[in-house]
Amino acid sequence: MNNREIADTFEKIADLLEIKGEVIYKVLAYRRAADSLRELVGDVTEYQERGGFTEIPGVGKAIAEKIEELLSTGKLGFYEKLIREVPETLTDLLQVPDLGPKKVGLFWRELGVVNLKDLEEAAKSGKLRTLAGMGEKSEAKILAGLESLARRTERIPLALAWPAAQEILAKLKPVPAVKIIEVGGSLRRMRATIGDIDLLAAAEDSKEVMRAFVELPDVSRVLSRGETKSSVEFKDGLRAQLWVYPPQRFGTALQYATGSKEHNVRLRELAQKQGLSLSDQAIVKPDGSEILCAEEREVYEILGLPWIPPELREDRGEVQAARKGNLPELLILDDIKGDLQTHSTWSDGKKSILEMAEAARDRGWEYLAVTDHSHSLGVAGGLSEEELRSQHEEIKAVQEKLGRSFRVLHGVEVEIRADGSLDYDDEVLAEMDLVVASLHSGLRQPRQRVTERMLNAIRNPHVDIIAHPTGRLIPDREGADLDMEAIFKAAAEHGVALEINADPYRLDLDDVHARRAVELGVMLAVNSDAHSPEWFDLLHFGVATARRGWVEPQKVINTWTVDRLLDFLKK
DNA sequence: GCCGTTTTCGGCCCGACTGTTTTCAGTCG
């Protein structure tokens, strides 16, 4: 079992215990352990050697023993006993909006409801409304929730949520009462996928803002409407909620609504230790008086912390680092000096090498690598060795046209074939300025085989960068089952950089992997994989992913000057 | 079930909205 599978087991245990009516703090303990395991950098088995599982935050003696049992037998007696008592399928019911553990427990005990089908029947036959604390409206809400669940596509990729949020912002900014409006939640933290869009506005009077919000075009349903908070669902199923606060309270509100929930818990604990109480409204002193924060920065200052960038707010040690003054100097978009994975009309790109290079130069970059596909990727019009050589002539011509102040590098994105060999001979690769290697096929090979292919590419003396290492596509395709630790170690040893692909449907490496890679001494490259100049605009998604991985600019090879970069490529 | 700048026992983050309630419970973020 891997980290995620163990975490899922504990999450399930937490849900079942909560439905059963176990004391909430036991439930929270399992949930915290699950979160910890999910966020763990590196493999859980490493803790067996160094100090044991109780070194993991939120894991004590009891849970450590359960991890041990899961790792050695793949099963857990405690869990098997629990699901004989509380039907496992009850956790599906928690996915229904407005339905939580208390009511699920109630329906199960009173009506024998154990799955979504039972629930639907009970609601349609009017049985739910007869229960204590239930009524007609609650019953109707559950039916609506069931419909919404059937329609809803899990989490929304950043690729869709980001532009949608920008559109909403553009429509609400002109509302006269709106002083400030910003994105909060997981979108502000730039997570790869978003649950719903959270928006924060500052206004003296919220009524006008709320009205404009619930009356946005394409709103299909108003889910709730209040003076401080409203939420809506759009026709395409996307959901958004808006909080409105007076300007003098905007700082605490934005901090609160940005999350993550776990980050906020850490902050409130810190506040408590100082005798303060932190909420979305204000910081309250022991004598009951309020400190108002118009700026988010002030919230952190009062708690004795530097401002923590939203991308770090995942409770992955950022509060502790802030207390010690050890926050990283994160990569910013302006640090990027060029793109090291781009395509032209020679393969599946939409624009010529000249057009791509001019667009890159006009963005103020110092260099661009043209890295068209190699021949075995037929669908993308991969280049034969002869075509690659004639492409070199065109690169030279473009370079002459642009002059010496901007450098065009002749690279290639060479296919790592199913047998682990590369698509070009070493002599051909040796002629290139830059070799990017990547997997596009055989992603579902068994762990050992696909890992070995990747390691083979890393060991090739001509390979400089591994592009989109896991091959994941958000939200449809999981990455290959790679031994990432082995890959990071090999990449560090052989001086091969790993890419953070900025395409918001990829974001690969992800944040957790990027952080671990840097810890192990691996260099990174943040590339757009552009097939036309507009794709350069996607780079900020890659930068955000790097920031979420605590990545500092000096670890990213395309923040370097062209001379330093060429030196690295040569080695 | 976990954990320690109040503590090895007794705590464990805060508030809005909704619906069913005469004062609160459940859910969500």
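Residue numbers begin at 1 in each chain, while the letters A, B, ... track the order of the sequences.
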Can you see if the side chain of [X] gets near the phosphate of [N] - specifically, an N or O under 4.0 Å from OP1 or OP2?
| X | N | result |
| --- | --- | --- |
| A:Ser277 | B:dC14 | yes |
| A:Thr228 | B:dG15 | no |
| A:Ser138 | B:dT20 | yes |

Nucleotide nearest [X] (side chain, heavy atoms from C-beta), chosen from [options]:
| X | options | value |
| --- | --- | --- |
| A:Ala62 | B:dC17, B:dC2, B:dT27 | B:dC2 |
| A:Lys102 | B:dT20, B:dT27, B:dT18 | B:dT27 |
| A:Arg32 | B:dC3, B:dC12, B:dG19 | B:dC3 |
| A:Lys103 | B:dG26, B:dG1, B:dG19 | B:dG26 |
| A:Gln281 | B:dG1, B:dG29, B:dA16 | B:dA16 |
| A:Ser279 | B:dC14, B:dC2, B:dG26 | B:dC14 |

Nucleotide N/O to protein N/O under 3.5 Å, stretch nucleotides 5-9 of chain B:
none

If I compare all heavy atoms of A:Ala144 with all of A:Arg221, which pair ends up nearest, and what's the gap? CB-NH1, 4.0 Å
How far apart are the closest heavy atoms of A:Ala34 and A:Phe10, and which atoms are they? CB-CB, 4.0 Å
Aromatic-base stack, A:Tyr25 on B:dC2, cutoff 5.5 Å, angle under 30: no
Near DNA chain B, counting only heavy atoms under 4.0 Å, which residues of residues 251-265 of chain A show up? A:Tyr256, A:Lys261, A:Val265
Any salt bridge linking A:Arg297 with A:Glu301? Criterion: basic side-chain nitrogen under 4.0 Å from a carboxylate oxygen. no
Strictly below 4.0 Å, N to O, side chains only: are A:Lys273 and A:Glu269 in salt-bridge contact? no
Under a 3.5 Å distance rule, please check whether A:Thr89 uses its side chain to pair with a backbone N or O of A:Val114 as donor and acceptor. yes
Looking across every strand, which nucleic acid part, if any, lies under 4.0 Å from A:Leu99 by heavy atom: base, sugar-phosphate, or nothing? sugar-phosphate
